[in-house]
Structures are given as structure tokens and as C-alpha cells.
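Below is one structure, written out as C-alpha cells; comments come after it.
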2 protein chains.
Amino acid sequence: MLTKKELKEYCENARENYLPHISIDCVVFGFHEGLMKVLLLKIKNEGGWYLPGGFLLKPEPIEMAANRILKERTGLDEIFLQQFHVFGDPERSKEHFEMYKDMLPAKENWFTNRFLTIGYYALVDFCDVNPAPDQFSAACNWCDLNDLPELKLDHALILKTALDTLRLQLNYQPIGYNLMPREFTMPELQKLYETILDKKLDRRNFQRRMLGFGILNRLEKPRKGGAHKAPYLYSFDLENYKAALTEGFKGGW
Amino acid sequence: MLTKKELKEYCENARENYLPHISIDCVVFGFHEGLMKVLLLKIKNEGGWYLPGGFLLKPEPIEMAANRILKERTGLDEIFLQQFHVFGDPERSKEHFEMYKDMLPAKENWFTNRFLTIGYYALVDFCDVNPAPDQFSAACNWCDLNDLPELKLDHALILKTALDTLRLQLNYQPIGYNLMPREFTMPELQKLYETILDKKLDRRNFQRRMLGFGILNRLEKPRKGGAHKAPYLYSFDLENYKAALTEGFKGGW
DNA sequence: AATGATAGTGTATTATTGACACAAGAGTAA
DNA sequence: TTACTCTTGTGTCAATAATACACTATCATT
């Protein structure tokens with residue numbers, strides 16, 4: 001929560017630079033130690049958490065705004081980002097409205113406007129990210145997908161929709177390039193799929209199918225150090241990977 | 001193209017009632033005599049065609065706006081509508097901008113604003129539709145998907161994206177309920193699929209697969225009148241159809 | 001050297017898809 | 001009435017993909 005003065009300044013700046021009524025919210029998925037993580041912000045002096053989001057500069061392409069917002073929160077450039085839905089229930093930011101409505105008259109109060117929010121989801125390598133809170137937030141954290149805190153506004157819906165879309169996408173597009181480190185083992189990749197889908201997959205069938213897609217290169221060296229048989233390392237064949245991204249895996253009909 | 005007076009009135013009304021910077025465009029697919037059709041509007045005194053679209057009332061849910069807009073153009077209620085993408089290139093409405101910029105000063109000129117447009121596609125039964133032009137249009141017509149006129153703005157992109165999304169959707173969702181008459185034959189349904197996908201399918205395999213989904217009821221009576229063997233009539237099993245819509249056809253993993 | 005945990009690989013079984021051919025019904029023309 | 005033509009309905013075989021499952025290899029630890 002901002003002070004009245006901060007709020008006023010923010011609103012003036014916002015009205016000057018951003019398109020009104022439109023926001024962007026990002027669901028940033030990361031993967032670490034076998035768990036799906038989502039990047040969340042904790043609002044100052046408040047219980048609830050939010051998805052990282054922001055507004056669209058007046059002359060800015062949407063995609064660029066989403067990238068800019070993510071760069072501010074994660075430090076990352078060139079993120080895999082996918083627009084997946086617009087959320088526009090007129091009541092969706094009621095909580096926001098209640099919170100700010102008494103601090104500034106409606107005419108100059110940016111936050112009491114109705115906002116449509118464009119949902120993007122991002123897949124990022126957990127290790128590359130430096131979570132950074134914004135001026136409204138006390139914290140920016142990775143949270144377990146299985147153990148989420150209470151989300152404000154409609155952000156639980158946005159998160160769920162993003163996850164559903166991601167799971168669907170798994171059926172006809174490769175993922176992983178943006179979630180895994182450069183070099184990884186087959187069991188590690190399988191763990192990613194199992195985590196996203198929230199179900200166990202057969203080791204052997206997974207490997208056969210995965211290799212069948214032709215988007216992996218097996219490296220010469222194995223991963224040493226574990227107390228067990230050293231697994232092979234793989235990396236993505238970027239050319240084939242990108243081709244698969246645009247063409248999709250199976251034709252269906 | 002409007003007169004200056006009409007434009008001014010329109011803009012005043014729009015600024016009062018609609019959210020600025022946001023529009024909705026609809027790609028309305030119909031199916032007739034073996035051809036995919038799209039509903040297009042022809043602007044008065046101009047060469048180009050547009051997708052039917054409109055704006056979002058200040059307190060209106062997006063979905064409801066899309067339905068309202070479609071009802072105005074087609075007379076239809078309860079249409080199958082699916083949001084598929086937001087188009088937000090800052091330059092996307094440049095043509096509009098050029099066209100209207102000299103007629104009213106920018107401050108009161110609704111049409112020189114930047115607009116993000118939310119794309120919806122609709123599947124409708126061709127026969128039920130009464131195309132109705134709006135106040136900007138000289139005509140509202142079904143156009144052949146294979147023989148499209150020149151589309152203004154980025155509407156060709158919007159249409160292509162809608163079609164791609166529809167084709168993808170065919171792989172994991174049933175369609176047809178909204179495009180076919182209540183009763184239809186298997187060859188007719190097949191023709192629909194062939195038209196959407198723009199490729200021939202095997203008659204026997206199509207039937208086997210289609211029936212396998214369990215969303216069709218075979219009716220007792222055949223379709224009489226043709227000069228050949230009378231085909232069976234089918235109707236959709238609405239309950240199973242709706243279940244398939246939400247659950248999807250094949251699990252993939 | 002034995003142990004335990006994990007990785008790599010192969011195979012038999014079943015389900016799904018794709019290609020294909022023939023029989024049946026309905027009008028048409030002799 | 002009968003042969004003909006066109007279209008629809010159905011069955012089957014082969015290829016392919018998905019599933020279930022078992023054994024061997026390797027490394028670190030003891």
C-alpha cells in the first residue's frame with residue numbers, strides 16, 4: 001500500500017505514460033529441485049500475493065511490454081513468453097478498487113479504473129533469475145505451485161488458466177528449452193514433464209518418445225558425481241526445436 | 001467514411017460509453033455448399049473490407065460485448081465464441097488513423113487513438129444468419145475463405161490467426177455443433193472437416209473415428225431425395241459433446 | 001568385492017491409424 | 001423390369017504408435 005503522496009505521483013505518471021484500462025500480468029514458471037515454481041510478489045503491509053504485472057506504454061507493442069515487465073522482475077532478457085488470455089471481468093479488480101478508492105478522487109485515481117489484463121506465461125530457467133520486488137512489493141519470491149499462498153484479485157484464475165494452457169501445449173509443442181539448464185539428463189527432463197503434468201511417466205517410453213522428436217543432442221560426456229550410474233547429458237538441438245515449435249508435433253488428422 | 005458531423009457525434013458517444021483503446025473483432029465462420037465462409041463488412045465509399053467488430057461498453061464483460069457485436073451483425077444469440085488473441089501492434093490501425101486524422105482534432109477523435117483489439121472467432125450455422133451492415137458499412141456479406149477480398153488494417157492477420165487456431169482446435173475438441181444444421185449426414189460432416197483443414201480425408205476412417213468419439217446419435221430416418229443411396233442422418237449428442245469440449249479428445253501424454 | 005540405487009536398453013502386447021475393396025440402396029435410362 | 005451409375009455403409013489387413021514390463025550396466029559406498 002502506498003502513501004497518499006506516492007499514490008498521487010504514481011497516478012500522474014501512469015496517466016501520462018500508460019494506456020488506461022489495460023494491464024499485463026505474467027505467470028513466470030520456473031523449475032527447481034523437481035518442483036514447479038511461480039514467481040509472486042508480496043504487497044507491502046498486506047497479506048496477499050500478486051502475479052508480476054504492469055502497464056503498457058502508450059506507443060509500446062504488447063509483447064515488448066511483457067518483456068520489459070519481466071526483465072524488471074527477473075533480470076532476464078529474451079524470455080519465452082506466450083500470450084494466453086485476456087481477463088476482463090468488470091469486477092475483477094474490485095479489491096484494488098476498495099483499497100485505493102478513498103485515497104484519491106476517482107478522476108485522478110489510476111487504480112480505481114477498470115482494467116483488462118492480458119495474460120502472458122513465461123518459462124524460465126530458475127537459476128538465471130534474480131527476483132526483484134517492485135515499488136509496491138515487499139518481496140518477490142519463487143513459490144511452490146503445490147503450496148501457493150493466497151492470491152489477490154483474479155490472479156488464482158490467471159495462474160490456473162496459464163497452467164492449463166501450458167499442459168495443453170505440451171501435447172503439440174516442445175518445451176523445456178527455456179526451463180532447463182543448457183545441459184541436462186533425460187531423467188531431469190522427464191521430471192520436468194512429470195511436474196508440469198503432475199503425473200508419473202514411464203522412464204523408457206518417455207525416452208523413446210522424446211528422442212523420436214529429434215530435438216535432442218546427446219553429448220559425449222556423462223554427468224559425473226552422483227552416487228550412481230552416470231547419466232548421459234543432452235542439449236536441445238535448437239534448429240529442430242524451433243522447427244517443432246512452429247510446426248507442432250503431431251498432425252492429428 | 002462518415003461525414004464530419006456524423007464522426008463528431010459518434011466520437012462523443014463512444015468516449016462516453018466505451019472503454020478507450022480497446023476493440024473487439026470477430027471472425028465469423030460459416031459453412032455452406034462445401035465452402036468455408038467468413039462474414040465481412042464493406043466500408044461505405046471505400047474499397048476495403050473489415051471484420052465485424054466493435055467496442056467494449058465501460059461496465060461490460062468482454063464475452064458479452066463480443067456476443068452483442070455478433071448479434072448486431074448476424075441476428076444470432078448464444079453463438080459459440082472463442083477468444084483467441086489480442087492484437088496490439090501500435091501501427092495496426094495506421095490506415096484508420098490516416099483516414100480520420102484530418103476530420104477532427106486528436107483530442108476528441110476516437111479513431112485516431114491506438115487500439116488493441118481482442119480477437120474472437122465464432123462458428124455459426126450459415127443458414128441462420130441474417131447479415132446486417134452497421135452504420136459504417138455499405139454491405140455485410142459472406143465471403144469465400146478461398147476467395148477473400150482485400151482486408152483493411154491487420155484484419156488479414158487476424159483472420160489467418162483465427163483459422164490456424166481453429167485448425168489446431170480440431171485436434172482436441174469437437175466442432176460442428178455450431179456449424180451444421182441440427183440433422184446432417186456423415187458425408188456432410190466430413191465435408192466440413194475437409195473444408196476447414198483444406199485436405200481430403202478417408203471416408204471410412206473418418207466415420208470410424210468420428211463415431212469413436214461418442215458424440216453422435218444416429219437417427220432412425222435416412223436422408224431421402226438424393227439420386228443415390230440414402231445416407232443416415234445424425235445429430236450431436238449434446239451432453240457428450242459438451243463433455244468433450246471441456247475435456248478434450250486425446251490425452252497426448 | 002558385495003551392495004544399493006539409478007541409468008540404459010529391448011521386447012512382447014495392445015491400441016490406433018491408414019490404405020484399401022466390396023456390397024447395398026436409390027434413382028435413371030433403356 | 002432391368003441394367004447402370006453414383007453414393008453410402010461396412011470390414012479387413014498391415015503399419016505404426018503406445019503401453020507394460022525386465023534385465024543389464026555403472027558408479028559410490030561399505
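Order of the sequence lines sets the chain letters (A, B, ...), proteins ahead of strands, with each chain counted from 1.
For B:Arg208 and D:dG9, a side-chain-to-base donor-acceptor distance below 3.5 Å is absent, hydrogens and geometry of angles not being considered. You won't find any donor-acceptor pair under 3.5 Å spanning the side chain of B:His228 and the base of C:dA26, going by distance alone. Under 3.5 Å, the side chain of A:Arg204 and the base of C:dG8 form no donor-acceptor pair of N or O atoms.
When the C1' atom of C:dA15 is taken as reference, atom CG of A:Asn205 falls 14 Å away, rounded to whole Å. If you take CD of B:Glu188 and C1' of D:dT8, they are 12 Å apart, rounded to a whole angstrom. Separating the CG atom of B:Leu201 from the P atom of C:dA19 is a distance of 11 Å, rounded to the nearest angstrom. Here the C1' atom of nucleotide C:dT16 and the CG atom of B:Asp202 are 14 Å apart, to the nearest Å. If you measure from atom CZ of B:Phe206 to atom P of D:dT10, you get 15 Å, rounded to the nearest angstrom. Put simply, CG on A:Leu233 is 13 Å from C1' on C:dA7, counting in whole angstrom units. Nucleotide C:dA26 holds its C1' atom 14 Å from the OH atom of B:Tyr232, rounded to whole Å. Atom CD of B:Gln207 and atom C1' of D:dT8 are 9 Å apart (whole Å).
Between B:Phe206 and B:Tyr193, the ring center distance clears the sub-6.0 Å criterion. Separation of the A:Phe184 and A:Phe236 ring centroids falls under the 6.0 Å cut-off.
Counting only Watson-Crick and G-U wobble pairs whose two key distances fall under 3.5 Å, DNA chain C forms stems of three or more stacked pairs at C:1-30 with D:1-30.
Along DNA chain D, the nucleotide nearest A:Lys229 and the nucleotide nearest A:Arg203 are compared for position; the residue whose nucleotide lies closer to the 5' end is A:Arg203. Mapped onto DNA chain C by nearest heavy atom, A:Thr185 and B:Ala230 fall at different nucleotides, with A:Thr185 at the one closer to the 5' end.
Each of B:Trp49, B:Tyr50, B:Phe87 was compared with B:His155 under the ring-ring contact (aromatic ring centres under 6.0 Å, His included) criterion, and only B:Tyr50 meets it.
Side-chain contact between A:Leu189 and A:Tyr234: absent, with no pair of heavy atoms (C-beta onward) separated by less than 4.5 Å.
Shortest non-hydrogen contact noted between B:Tyr241 and B:Gly176 is OH-N, 3.4 Å. For A:Leu51 against A:Leu39, the heavy-atom pair with the smallest separation is CD2-O, 4.4 Å.
Checked by atom type, the side-chain pair A:Asp134/A:Ser137 shows a donor-acceptor distance below 3.5 Å.
Side chain of B:Pro187, nearest nucleotide from D:dC21, D:dG9, C:dA26: D:dG9.
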